[in-house]
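To find a chain, count down the sequence lines: A is the first, B the second, and so on, and within it residues start at 1. What you are looking at is a predicted structure, and each value in this text was computed from that prediction instead of being measured.
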Amino acid sequence: MNPFTERVLKTIRSIPPGGVMTYGQVAREAGNPRAARQVARILHSMSQKHHLPWHRVINAKGEIAIKDDETALEQQLELEDEGVVVINKKVNLQDFQWRI
DNA sequence: CTTTTGACATGTG
DNA sequence: TCACATGCCAAAA
């Protein structure tokens with residue numbers, strides 16, 4: 001597994017319950033500011049295995065960026081379970097974005 | 001080989 | 001707020 005992916009996973013695992021990070025933010029922390037898309041791809045393929053809190057990663061607008069409705073709903077429920085308020089698939093980043 | 005397609009971001013108008 | 005352009009890069013077609 002390449003070092004960038006390692007850092008992405010490590011960064012996501014550092015997000016506490018009740019907090020969220022954006023794809024771009026994760027990419028920056030992992031050392032490649034322009035790799036937001038790769039972060040998304042990594043989650044799509046590896047979320048199952050690495051007991052990863054993938055549901056705490058959303059897009060820059062604070063929205064759940066998933067196409068598949070079932071998975072999107074699952075993410076919303078997980079977030080609400082942790083106390084994150086989700087309205088119409090959107091989260092208020094001012095309140096819930098996690099800052100390193 | 002090239003083109004298309006994303007669980008995206010950011011700047012501009 | 002929305003639309004559009006551009007950057008990025010891997011996987012699929």
Fill in: Over 12 foreign heavy atoms within 6.0 Å of CG, A:Asn88
no

Response to the item:
Per the under-4.0 Å heavy-atom filter, residues of residues 73-83 of chain A near DNA chain C come out as none

Fill in: Rounded distance [0.5 Å steps], CZ in A:Arg56 versus CD in A:Glu78
8.5 Å

Worksheet entry | Separation between the P atoms of B:dT4 and C:dT6, rounded to whole Å | 16 Å

Worksheet item: Among A:Val86, A:Leu79, A:Ile15, whose side-chain contact (heavy atoms from CB on, under 4.5 Å) with A:Val20 holds?
Response: A:Leu79

Worksheet item: Does the side chain of A:Ile58 come within less than 4.5 Å of A:Phe96's, by heavy atoms?
Response: no

Response to the item:
The reported gap from CD in A:Glu6 to OG1 in A:Thr11 (rounded to nearest 0.5 angstrom) is 11.0 Å

Discussion item. More than 12 heavy atoms of other residues, nucleotides or ligands under 6.0 Å from CZ of A:Arg13: yes or no?
Written reply: yes

Discussion item. Taking only the P atom of each, what is the distance from C:dT1 to B:dT10 in whole angstrom?
Written reply: 16 Å

Fill in: Test applied, side chain to side chain donor-acceptor pair (under 3.5 Å); reference residue, A:His55; option that passes from A:Glu82, A:Glu74, A:Gln75
A:Glu82

Practice prompt. Scan nucleotides 8-13 of chain B nucleotide by nucleotide, 5' to 3', and note B when protein non-hydrogen atoms come under 4.0 Å of the base, S if they reach only the sugar-phosphate, - if neither.
Written response: BSS---

Fill in: Closest non-hydrogen atom pair, A:Ala30 against A:Val8
CB-CG2, 3.6 Å

Discussion item. Taking C:dA5 as the reference, what is the distance to B:dA7 when you measure between their C1' atoms (whole Å, please)?
Written reply: 22 Å

Worksheet item: Using atom C1' of each nucleotide, how far apart are B:dT5 and C:dC8 to the nearest Å?
Response: 13 Å

Response to the item:
Rounded to the nearest 0.5 angstrom, the OG1-CD distance for A:Thr22 and A:Glu63 is 12.5 Å

Item to complete: At the 4.0 Å heavy-atom cut-off to chain A, mark where contacts on DNA chain C begin and end, going 5' to 3'.
Response: C:dG7 to C:dA11

Worksheet item: Roughly how far, to the nearest 0.5 Å, is NE2 of A:His44 from NZ of A:Lys67?
Response: 11.5 Å

